[in-house]
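Below you'll find the structure, written out as structure tokens, and then a few comments.
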Amino acid sequence: MAMDLYELLSRLEARYEVGSWWPSSSAFEVMVGAILTQQTNWRNVERALQLIREGPGLDVHAIASTPLEELEGMVRPAGFYRQKAARLKWIAGYLVEMHQGDPEGILGKDVEDARKELLSLPGVGKETADSILLFAGGRPKFVAAAYTSRILSRTGVLDSTDYDEIQEFVESWLPRNTAVLSGLYARMVVLAKEHCLSTPRCGGCPLSDGCAFNRR
DNA sequence: ACCCAGGTGGCCC
DNA sequence: GGGCCACATGGG
């Protein structure tokens, strides 16, 4: 019953077409989206992003100089709006002060240095840092999100909820290639949204014969 | 009236 | 180092 990682990847690739994935046009926009989407549906993130676009714009200097209360109003639909707004403003200010407002000042560094610097920012944990490295920096990092952990364990590929363990497992078995790792992550999110895998309580979906995903 | 969403940080032992 | 908890809006 249990499949391995290669089998899972090939089934996902056969089922879903995913191009370059994260819906954004700039590195800073990826960073903003990565913060806003924490524990939040992307639909709500889009609402907040749109309010920011209509206001100061998704621009480092603009965000850095937007009054906090104003930013909170735009972030509100994405939830946790007080902390998210404060963190976004802090990060924008940091980029202005330390890197002339250019995210490349971080992303252009050696991967591990860039990761450490991202992790030092408020509101940036492992998953957010790796999302930014992968989708804004084009670095071959696997993002071990809640969805990926669920899918890996329910398909019998890897039973773990430990971030580092999941990431190391995937990165050690697959080529360290940005397109492969971003494609896998993106397809897992699409799968999760389509199936009961998106809920923590669903049991047998990927393991049952009736599950669409299991039927090739 | 629940439960859930592409987590993080702070506090406790 | 692990186990809780607050953070908050919008949808099913």
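The basis for the numbers below is simple: all heavy atoms, side chains too, and nothing from hydrogens, waters or symmetry mates. Here is the naming used below: chain letters follow the sequence lines, and residue numbers restart at 1 for every chain.
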Pair A:Leu5-A:Phe169, side chain to side chain contact (heavy atoms under 4.5 Å, CB included): steps then yes or no: CA-CA 9 Å; A:Leu5 183 59; A:Phe169 174 82; 4.0 Å; yes
Counterpart residues, side chain to side chain contact (heavy atoms under 4.5 Å, CB included), relative to A:Ile166 (two or more places apart): A:Phe142, A:Ala144, A:Ser149, A:Leu152, A:Leu158, A:Ser160
Whole-Å gap separating P (C:dG1) and CG (A:Asp164): 10 Å
Nucleotide B:dG7, atom C1' - distance to OH of A:Tyr185 in whole Å: 11 Å
Salt bridge (Lys or Arg N to Asp or Glu O under 4.0 Å) contacts touching residues 122-136 of chain A (sequence neighbours left out): A:Arg115-A:Asp130, A:Lys126-A:Asp164
Members of residues 117-129 of chain A that approach DNA chain B, where some heavy atom sits under 4.0 Å away: A:Leu121, A:Pro122, A:Gly123, A:Val124, A:Gly125, A:Lys126, A:Glu127, A:Thr128
Euclidean distance for P, C:dC5 against B:dC3 (whole angstrom): 15 Å
Inter- and intrachain pairs under salt bridge (Lys or Arg N to Asp or Glu O under 4.0 Å), touching residues 61-84 of chain A, at least two apart: none
Would you list the protein and nucleotides 10-12 of chain C atom pairs, both N or O, that sit under 3.5 Å from each other?
from	atom 1	to	atom 2	distance (Å)
C:dG10	O4'	A:Asn44	OD1	3.4
C:dG10	O4'	A:Asn44	ND2	3.0
C:dG10	O3'	A:Arg47	NH1	2.9
C:dG11	OP1	A:Arg47	NH2	2.5

A:Lys193 NZ - B:dA5 P separation (whole Å): 11 Å
Which residues share a side chain to side chain donor-acceptor pair (under 3.5 Å) with A:Arg139, sequence neighbours left out: none
A:Gly73 to A:Leu51 - nearest heavy-atom pair and separation: O-CD1, 4.2 Å
Pairs touching residues 21-46 of chain A that satisfy salt bridge (Lys or Arg N to Asp or Glu O under 4.0 Å), sequence neighbours left out: A:Glu29-A:Arg53, A:Glu46-A:Arg53
Sugar-phosphate only, base, or nothing, as touched by A:Ala146 at under 4.0 Å among non-hydrogen atoms: sugar-phosphate
Presence of A:Arg150 side-chain N/O under 4.0 Å of B:dC4 phosphate oxygens OP1/OP2: no
Distance in angstrom units between A:Asp162 CG and C:dG1 C1', rounded: 11 Å
Secondary structure of DNA chain B in dot-bracket form (Watson-Crick or G-U wobble, distances below 3.5 Å, | marking inter-strand pairs): .||||.|||||||
Pairs satisfying ring-ring contact (aromatic ring centres under 6.0 Å, His included), at least one member in residues 33-67 of chain A, at least two apart: A:Trp22-A:Trp42
Closest non-hydrogen atom pair, A:Ala27 against A:Leu107: CB-CD1, 3.9 Å
Distance-minimising heavy-atom pair for A:Ala64 and A:Ala92: N-CB, 3.7 Å
Length of the CH2-P vector between A:Trp90 and B:dG9, whole Å: 11 Å
Contacts of type side chain to side chain contact (heavy atoms under 4.5 Å, CB included), residue A:Thr128, not counting sequence neighbours: A:Ala34, A:Ile35, A:Gln38, A:Val124, A:Ile132
Within residues 26-40 of chain A, residues whose heavy atoms come under 4.0 Å of DNA chain C: A:Gln39
Whole-Å distance separating the CZ atom of A:Arg82 from the P atom of C:dA8: 5 Å
P atoms of B:dA1 and C:dA8, separation to the nearest Å: 23 Å
A:Tyr6 (side chain) donor-acceptor with A:Trp173 (main chain) under 3.5 angstrom: yes
A:Met31 and A:Leu88: CA distance, side-chain angles, deciding distance, side chain to side chain contact (heavy atoms under 4.5 Å, CB included) verdict: CA-CA 9 Å; A:Met31 297 178 77; A:Leu88 287 179; over 6 Å; no
Gap between atoms NZ and C1', on A:Lys84 and B:dG7 respectively (whole Å): 8 Å
Under 3.5 Å, side-chain donor or acceptor atoms of residues 96-104 of chain A against the rest of the protein: list the pairs with distances, not counting sequence neighbours.
from	atom 1	to	atom 2	distance (Å)
A:His99	NE2	A:Glu117	OE2	2.6
A:Asp102	OD1	A:Glu104	N	3.0

Distance, rounded to the nearest Å, where A:Ile151 contributes CD1 and B:dA5 contributes C1': 14 Å
